[in-house]
There are 2 protein chains.
Amino acid sequence: MGNSEQTLPPELFMDIDRAGPIPLYYQVATRIEDAIRSGVLPAGSRLENEVALGERLGLSRPTIRRAIQDVVDKGLLVRRRGIGTQVVHGEVARQVELTSLHEDLARSGHQPSTTLLLSEVIPADETMAEHLSLPEGSPLLHLRRLRSSDDTPLAVLENYLPSDFTDLSTSALTEYGLYQVLRSRGTTMRVARERIGARTATDEESTLLDIAAAGPVLTMERTAYDNSGRAVEYGQHCYRPDLYSFEVTLVDR
Amino acid sequence: MGNSEQTLPPELFMDIDRAGPIPLYYQVATRIEDAIRSGVLPAGSRLENEVALGERLGLSRPTIRRAIQDVVDKGLLVRRRGIGTQVVHGEVARQVELTSLHEDLARSGHQPSTTLLLSEVIPADETMAEHLSLPEGSPLLHLRRLRSSDDTPLAVLENYLPSDFTDLSTSALTEYGLYQVLRSRGTTMRVARERIGARTATDEESTLLDIAAAGPVLTMERTAYDNSGRAVEYGQHCYRPDLYSFEVTLVDR
DNA sequence: TAGTGGTCTAGACCACAAG
DNA sequence: TTGTGGTCTAGACCACTAC
């Protein structure tokens with residue numbers, strides 16, 4: 001397994017903007033990532049060392065380190081003390097981000113659509129109260145939606161939100177993703193905890209998803225928190241397993 | 001939703017070892033994380049600001065920042081410029097780490113066991129060759145194992161490894177996890193890319209897992225890379241969905 | 001011995017939010 | 001205006017790897 005010798009990325013760092021609002025480490029990280037994804041930096045090749053790269057670009061070592069570390073965290077690079085930095089082999093999938101299914105689909109070139117099946121206000125039962133850190137019996141907005149991609153049913157989404165969202169525009173929810181609607185109201189998701197599993201579809205789900213009765217579904221349960229750390233969404237979703245799956249990248253730090 | 005006022009963590013930073021091999025940022029991060037998990041820092045409370053904390057501990061600001069950022073990346077803290085750092089609400093699950101199912105089980109207090117169902121060397125077909133970045137037809141070690149927890153079947157694990165692992169001790173594989181065996185041979189996993197989905201169990205799987213015929217299974221497909229970025233393991237696994245699920249924490253950076 | 005990444009310091013200036 | 005986190009610099013010393 002002869003590793004490629006040291007490969008110097010050519011001057012594709014020409015267009016770095018030192019004055020603009022985009023952080024320098026981000027600009028560098030983006031260019032490294034692009035070089036890997038485009039094959040300019042082939043799998044197994046070694047990246048130029050930190051100090052040299054910093055001098056070449058006129059940037060300090062911490063800035064370069066931050067840039068490289070960001071790419072490492074995406075699973076594209078591996079670093080070893082005393083050795084250097086190398087490009088990880090294998091095809092690269094874009095990492096799951098903190099967005100909704102709606103945006104994921106739109107970004108990958110599909111035509112997402114949503115049917116609002118149910119919108120009601122209910123009192124929180126013990127489970128919901130626990131997940132949303134609210135007292136039992138608090139009013140919650142309960143949404144049930146059917147998400148389709150290019151007119152094929154893909155997922156049944158069940159969401160619960162605290163009472164200050166009970167006035168959400170139902171028309172907006174058929175047009176945009178839930179997270180987009182919340183963001184336009186000033187609520188931004190910052191942290192989400194998910195549990196991914198599988199089970200047998202209910203009769204209603206198999207009908208909605210157009211799959212065999214008692215067929216398997218992929219499930220995802222999620223609690224999302226806004227930028228103040230408050231729980232603002234709890235969801236129980238199920239997906240057609242032949243059309244959807246979750247991608248995760250794990251990196252040892 | 002009155003947020004708690006600024007909460008000063010008491011002197012639980014007393015036992016910081018400046019001379020030892022453990023990084024200072026790691027010691028600080030660990031103590032913050034423990035304070036959150038133990039409830040000393042309650043949900044919603046504000047953390048002391050960076051500079052003050054640094055002065056109090058006699059550490060520089062970058063060191064403190066690194067410590068706090070590590071806790072943020074675990075989904076336990078949320079930061080806002082101009083505001084401060086707050087503890088995220090909700091119960092905290094330990095993050096999935098880059099270890100094998102065997103170690104996950106052992107760490108959570110269960111008694112894992114493994115039955116080696118098959119161990120053979122086969123030529124790589126197109127799919128395996130692609131995932132492992134090897135030429136088609138290369139010899140691969142193929143393992144099929146049944147993983148149980150407390151004598152209950154939990155998962156059927158199907159693994160493929162490059163030819164330099166064909167001499168793996170089969171007896172060790174029934175005693176330890178695959179990753180432990182590899183580590184003892186000097187191979188450490190650094191990056192893994194996983195795809196999680198669901199499907200119907202095959203007849204063999206439903207028998208092995210002791211579930212209903214044609215019942216649902218949770219599936220995970222994974223390629224793992226060592227510290228030089230080389231692909232060293234490809235696996236296709238299926239889990240009993242009533243006994244196992246995956247937890248993921250997403251953080252906006 | 002030379003080269004690499006890992007850690008740590010002591011400052012500086014800025015953007016953003018609150019009063 | 002004040003306080004917060006976000007970015008950036010220019011050094012330093014160390015641990016590990018290869019030769």
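Proteins come first, then strands; the chains are lettered A, B, ... in the order of their sequence lines, and each starts at number 1.
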Would you say [N] has OP1 or OP2 under 4.0 Å from some side-chain N or O of [X]?
X        : N      : answer
Asn49(B) : dT4(D) : yes
Thr85(A) : dT4(C) : no
Arg79(B) : dG6(D) : yes

**Flag for Gln86(B)-Arg80(B): side-chain donor and acceptor within less than 3.5 Å** = yes

Give the rounded distance in Å between these two atoms: [atom1] of [X] and [atom2] of [N].
X         : N       : atom1 : atom2 : answer
Leu77(A)  : dT4(C)  : CG    : P     : 16 Å
Leu53(A)  : dT4(C)  : CG    : C1'   : 14 Å
Ile83(A)  : dG6(C)  : CD1   : P     : 12 Å
Arg46(B)  : dT4(D)  : CZ    : P     : 7 Å
Arg80(A)  : dA18(D) : CZ    : P     : 7 Å
Asn227(B) : dT17(D) : CG    : C1'   : 12 Å
Gln69(B)  : dG6(D)  : CD    : C1'   : 10 Å

Residues two or more places apart in sequence or in another chain: which of them pass side-chain hydrogen bond (donor to acceptor under 3.5 Å, both in side chains) with [X]?
X         : answer
Asn227(A) : none
Glu55(A)  : none
Asp17(A)  : none

**Item:** ring pair (Phe, Tyr, Trp, His ring centres under 6.0 Å) involving Phe165(B) - partner list, sequence neighbours excluded
**Value:**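 Here no residue qualifies.
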
**Asked** Quick one: side-chain contact (heavy atoms from CB on, under 4.5 Å) partners of Pro23(A), sequence neighbours excluded?
**Response** Tyr25(A), Tyr26(A)

Anything under 3.5 Å between a protein N or O and an N or O of nucleotides 7-14 of chain C, put it in a table, one pair a line.
from: dT7(C); atom 1: OP1; to: Tyr25(B); atom 2: OH; distance (Å): 2.6
from: dT7(C); atom 1: OP2; to: Tyr25(B); atom 2: OH; distance (Å): 3.4
from: dC8(C); atom 1: OP1; to: Leu24(B); atom 2: N; distance (Å): 2.5
from: dC8(C); atom 1: OP2; to: Leu24(B); atom 2: N; distance (Å): 3.4
from: dC8(C); atom 1: OP2; to: Tyr25(B); atom 2: N; distance (Å): 3.4
from: dT9(C); atom 1: OP1; to: Arg18(B); atom 2: NH2; distance (Å): 3.1
from: dT9(C); atom 1: OP2; to: Ser60(B); atom 2: N; distance (Å): 3.1
from: dT9(C); atom 1: OP2; to: Ser60(B); atom 2: OG; distance (Å): 2.7
from: dT9(C); atom 1: OP2; to: Thr63(B); atom 2: OG1; distance (Å): 2.6
from: dA12(C); atom 1: N6; to: Arg61(B); atom 2: NH1; distance (Å): 3.1

